[in-house]
Amino acid sequence: MNNKKTLLLLIFLFSINFSFLSAKNKFTVVIDAGHGGHDSGALGKSSKEKDINLAVALRLGRKIERNNKDVRVIYTRKRDVFVTLKRRADIANKYNADLFISVHSNSATPRAYGTETYILGLHKTKSNLEVAMRENSVILLEDNHKKRYKNFNPRSVDSYIMFQFMQDKYLENSIFLASAVQKEFQRKRRHNRGVRQAGFVVLYRSACASVLIELGYITNRKEERYLKSRRGQEQLATAIYNAFLKYKKRYQKKTNVDALTTNTKSAKRKKKNSQNVNKHIIYKVQLFSSKRKISTKSKIFKGLKNVRYYREFGYYKYTYGRTSSYTEIRKLHKRIKRKFPKSIIVAFNSGKKQQKKK
Ligand SMILES: [Zn+2]
């Protein structure tokens, strides 16, 4: 290879590297239009859920793309195709998403109407459980679902018990977005049925702040007409978009503060010890939290040995591993994440839990 070619190749490699870096630094939102292809979702008199979800999702995505050059928008589908729940979450994880917005429409008796936004957790009412069961039941349309979801049966109440152990680091952010979405819907004069919690597989598997929006009831004649109309879809997308802007603003403020504290702290730490090891700080991987005490030998820990717990804010928080090296704990966390996608790294200074950083 001659020098000129080498130079060109180098320039080429650098440019890939930089574009990769800048893409990575961008705030990334994954927009997930529920259902698609042979999975129509809920059925109205004259419309299908999958079409309404897609129309609103695309409008939302376009608004974000058009007005926010600093945001990368990824869609789980842009057409009428079937996508498994696992694949939807995998897309969010692959692109290292900061936010996952799943768009759905609800169904019930003809009298029910209004909007709901869900975050992940254990259902508090039967009707919340029913919504999660219906949305999760698309799993049954997937081939090989038993293996893919480790025998999670979307129709069995027992399967949902696992969600009582969810108390993840994204909860606060997810609640913020969910509340903002509901507030914006109300401003568009939609009936606000509130922020709710239930066990949605797609939210469980995506390792970022995530919400599942029920735009309205396709089974209510008046609401179906609204959901189908261009005006309705535009209003709903605008409402979600406005909530997204609020979230982004708050997120950016928070990250700036975090970056500042991280910089000064890590500079000090580096001075003290160049190998990223601080003897006073112990890192652990926190698997999940629970209101109830669980035996550390329980199957819930998926075979992990030497699981420990500590108590905080009335929760039992279960941890795995213990090291003073941040590099090591990150390696361990990477491995554990496959089994516990919502696990996080926690730090203790002389036995005291340290404030979490992003
Ligand atoms: Zn749905």
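In what follows, every heavy atom counts, from backbone to side chain, and hydrogens, waters and symmetry copies are set aside. Counting starts at 1 for both ligands and their atoms, following the listed order.
- Seen from the Zn ion (ligand 1), atom OE2 on E49 and atom NE2 on H35 lie at an angle near 100° (rounded to 10 degrees).
- Because its NZ or CZ atom is both nearer than 6.0 Å to the ring centre of Y316 and within 45° of the ring axis, R311 counts as a cation-pi partner of that residue.
- For the pair K302 and F340, the cation-pi test (distance below 6.0 Å, angle within 45°) is passed.
- In E135, the N, O or S atom that comes nearest to the Zn ion (ligand 1) is OE1.
- Relative to the ring axis of F176, R250 places its NZ or CZ within 45° and under 6.0 Å from the centre.
- With a cut-off of 2.8 Å, the Zn ion (ligand 1) has no N, O or S atom of E214 in range.
- Remark: K291 qualifies as a cation-pi partner of Y315 under the 6.0 Å distance and 45° angle criteria applied to the six-membered ring.
- With respect to the Zn ion (ligand 1), H104 has ND1 as its nearest N, O or S atom.
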